[in-house]
Amino acid sequence: MIRVNNLTKDYGSRRAIENLTFEASQGEVVGFLGPNGAGKTTTMRILTGYMPPTYGSATIAGFDVVDESLEVRKRVGYLPETVPLYPDMTVFEYLKFMADLRHIPDGDEIVDAALEMVHLEKRSEGYISNLSKGMRQRVGLAQALLHKPEVLILDEPTIGLDPAQVVELRNVIRDIGKERTVLLSTHILSEAQQLCDRVLIINKGRIVAEDTPENLQARLVGAERATLRVRGDSEELEAKIAGIKGIQAVKSKPDGSLEFQFAPGFDVRPDVAKFVVKSGYDLLELSPVGLSLEEIFLELTRDEKGR
Amino acid sequence: MQNIWTIARREYRHYFNSPIAYIVALLILLTLGIIFIINMLQAVTNSLYYQAPPPDTRIVVSPLAFLFVLATPAITMRLISDEQRMGTMELLLTAPVREWELVIGKWFGAFLFILSIIGITLIYPLIMHYVLIKPGIDQGVMISGYIGVILVAAAFLSIGTAMSAFFQNQFAAFFATLVILVFFWWMVGWPANILPVGADFFRYLDMSDHFYNTMSMGTIALSDLVYYLSLTGLGLFLGSVAVEIRRWK
């Protein structure tokens with residue numbers, strides 16, 4: 001659905017993105033993850049036909065984003081980072097205006113349906129200038145959904161929303177993502193983890209990793225870790241556990257628990273549990289520690305700096 | 001075509017939410033009313049003492065065209081530059097709308113607004129015709145004068161629209177439009193009065209020359225129509241190019 005080939009964009013002498021290559025197929029939610037200024041917005045602006053790339057090419061639904069820009073724009077719903085709204089219009093007027101620009105027949109009904117989707121039907125007669133940030137974000141999303149686009153491109157869709165609204169918006173995005181292609185950018189890692197089938201990590205204009213959130217996690221973990229918590233003093237235990245076969249390292253955490261590391265595939269947790277109980281401690285917790293996307297992200301972008 | 005109409009309609013409505021539009025309309029109508037009264041009083045005196053012919057619609061359309069020199073920059077300054085400032089340019093340029101449809105739509109919205117003001121000014125010729133002047137005014141002069149004023153407005157607005165596309169800052173667009181209009185309405189004709197040769201060239205460039213000496217007096221010449229229409233086309237073309245350039249920047 002989306003096919004990007006060696007995309008490069010220069011702003012004057014500054015290179016915003018460099019040789020980006022990736023694909024996204026139908027029914028897939030792809031997350032674009034990266035720090036601010038990594039080139040996420042630039043990539044999205046090229047894909048939506050807002051501006052052309054310096055080198056490289058991209059197609060959406062088989063249409064070139066530069067040469068067949070109008071065809072691409074008909075098929076893409078886009079929510080830019082700063083939600084583009086006319087404050088002097090009512091919500092309904094604004095959406096009707098966008099529906100007219102997209103030549104949607106039965107515009108009124110489509111607008112009502114879109115408002116329902118983002119739970120704004122009660123505010124349709126209100127002026128956009130009176131809406132909260134979260135509501136504006138939802139009006140922007142309704143605008144992107146009006147024409148039932150094959151591809152939905154959302155730039156930081158949950159920014160500025162309160163937690164309840166974030167959950168709601170994520171549900172909407174997940175529903176849409178079942179049938180259509182969604183490309184969303186975010187710098188909130190847990191969001192990418194929850195929403196996306198695949199994550200592209202981008203830093204300084206280059207893709208540094210591309211995989212499912214789970215695989216990314218597995219790929220980067222050189223060793224498995226687990227947390228152990230017992231009742232009472234665990235200081236003595238630290239040295240004893242280090243002696244158990246298969247354990248690579250143990251360190252005590254400030255909250256009194258111990259974290260130990262072992263080679264993947266050699267799960268020593270049953271041995272540790274037996275040992276703890278045999279030694280007369282009350283075992284409170286023994287749980288695996290996953291490397292969060294946060295850590296992966298830092299890991300990857302640190303590598304990038306070293307290069 | 002549909003896109004042009006959609007954009008023009010939004011723009012036209014916007015003027016009725018904007019204080020600047022009301023101020024501009026009010027100032028035009030007020031100034032025109034004062035000029036009208038002064039002219040009519042003078043005409044009464046003149047006809048009493050010198051038996052001068054009654055005034056025609058020139059006393060309305062001539063000051064109206066002049067007022068448009070000052071009003072156009074205020075009407076067009078935010079047309080396109082404001083879209084850039086609010087970030088809605090991204091919305092319009094990623095919707096299936098061509099650059100020229102956007103520019104023509106914007107211009108047409110402003111044109112409809114000016115047409116509404118021109119429509120209101122028709123009250124003065126009506127008063128002259130039915131109340132003040134017996135047996136009525138020369139309707140041919142009135143019609144050609146109004147056609148002239150509409151063409152002048154169309155050309156002015158296209159220049160303003162182009163400037164609004166060139167400048168991101170609406171005040172820059174305002175002053176650029178004002179300077180261009182003042183230059184081509186007043187100043188470009190000056191060399192024609194001094195130069196021994198080439199006077200025709202400068203007279204042709206002079207925007208006011210195509211109005212004051214012909215259409216406001218009741219003569220519609222094809223060359224004047226072509227002049228204003230091509231000027232309008234040029235402005236809209238340059239505006240579209242400016243939007244296109246912005247995309248590639």
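Both backbone and side-chain heavy atoms feed into the values below; hydrogens, waters and symmetry mates do not. Proteins come first, then strands; the chains are lettered A, B, ... in the order of their sequence lines, and each starts at number 1. Only a predicted model underlies this, so the values are computations on that prediction, with no experimental measurement involved.
- Interface remark: Leu79(A) contributes no atoms to any contact with chain B (heavy atom separation under 4.5 Å).
- Residue Phe237(B) places its CZ atom among 12 or fewer non-hydrogen atoms of other residues, nucleotides or ligands, all under 6.0 Å distant.
- Within the 4.5 angstrom heavy-atom criterion, no atom of Glu101(B) approaches chain A.
- In terms of heavy-atom pairs under 4.5 angstrom with chain B, the leader among Pro52(A), Pro87(A), Pro80(A) is Pro52(A).
- Among His147(A), Glu71(A), Arg102(A), His103(A), the one residue that satisfies the side-chain contact (heavy atoms from CB on, under 4.5 Å) test with Pro96(B) is Arg102(A).
- Separating the CG atom in Asn3(B) from the CG atom in Leu101(A) is a distance of 5.5 Å, to the nearest 0.5 Å.
- Between Tyr78(A) and Glu90(B), the closest heavy-atom pair is OH-OE2, 2.5 Å.
- Side chains of His14(B) and Tyr86(A) form no contact here, defined as non-hydrogen atoms less than 4.5 Å apart.
- Of the residues considered (Thr54(A), Asp88(A), Thr48(A)), Asp88(A) shows the highest number of contacts with chain B, using heavy-atom pairs under 4.5 Å.
- Considering every non-hydrogen atom in both Pro84(A) and Gly87(B), the closest pair reads CB-O, 3.4 Å.
- Comparing Gly49(A), Gly12(A), Gly77(A), Ala144(A) by how many heavy-atom pairs each has under 4.5 Å with chain B, the most go to Gly49(A).
- Shown here for Leu70(A) and Val97(B), the closest heavy-atom pair between the two residues is CD2-N, 3.9 Å.
- The side-chain heavy atoms of Ile153(A) and Thr94(B), taken from C-beta on, include no pair separated by under 4.5 Å.
- For OH of Tyr55(A), the number of neighbouring non-hydrogen atoms (other residues, nucleotides, ligands) closer than 6.0 Å is 12 at most.
- Counting heavy atoms of neighbouring residues, nucleotides and ligands inside a 6.0 Å radius, atom OH of Tyr130(B) does not exceed 12 of them.
- Distance check, rounded to the nearest 0.5 Å: CZ of Arg247(B) to OG of Ser69(A) gives 5.5 Å.
- Between Arg9(B) and Asp100(A) a salt bridge is recorded (basic side-chain N to carboxylate O distance below 4.0 Å).
- Of the possible polar contacts, one joining the Arg73(A) side chain to the Ala95(B) backbone as a donor-acceptor pair under 3.5 Å is found.
- Within a 6.0 Å radius of CD1 in Ile127(B), more than 12 heavy atoms belonging to other residues, nucleotides or ligands are found.
- At distances below 3.5 Å, not a single donor-acceptor pair connects side-chain atoms of Arg10(B) with backbone N or O atoms of Phe97(A).
- Side-chain contact check for Leu91(B) versus Tyr94(A): some heavy-atom pair is nearer than 4.5 Å.
- More than 12 heavy atoms of other shown residues, nucleotides or ligands fall within 6.0 angstrom of atom CZ in Arg246(B).
- The number of heavy-atom neighbours closer than 6.0 Å to CD1 of Ile20(B), taken from other residues, nucleotides and ligands shown, is 12 or below.
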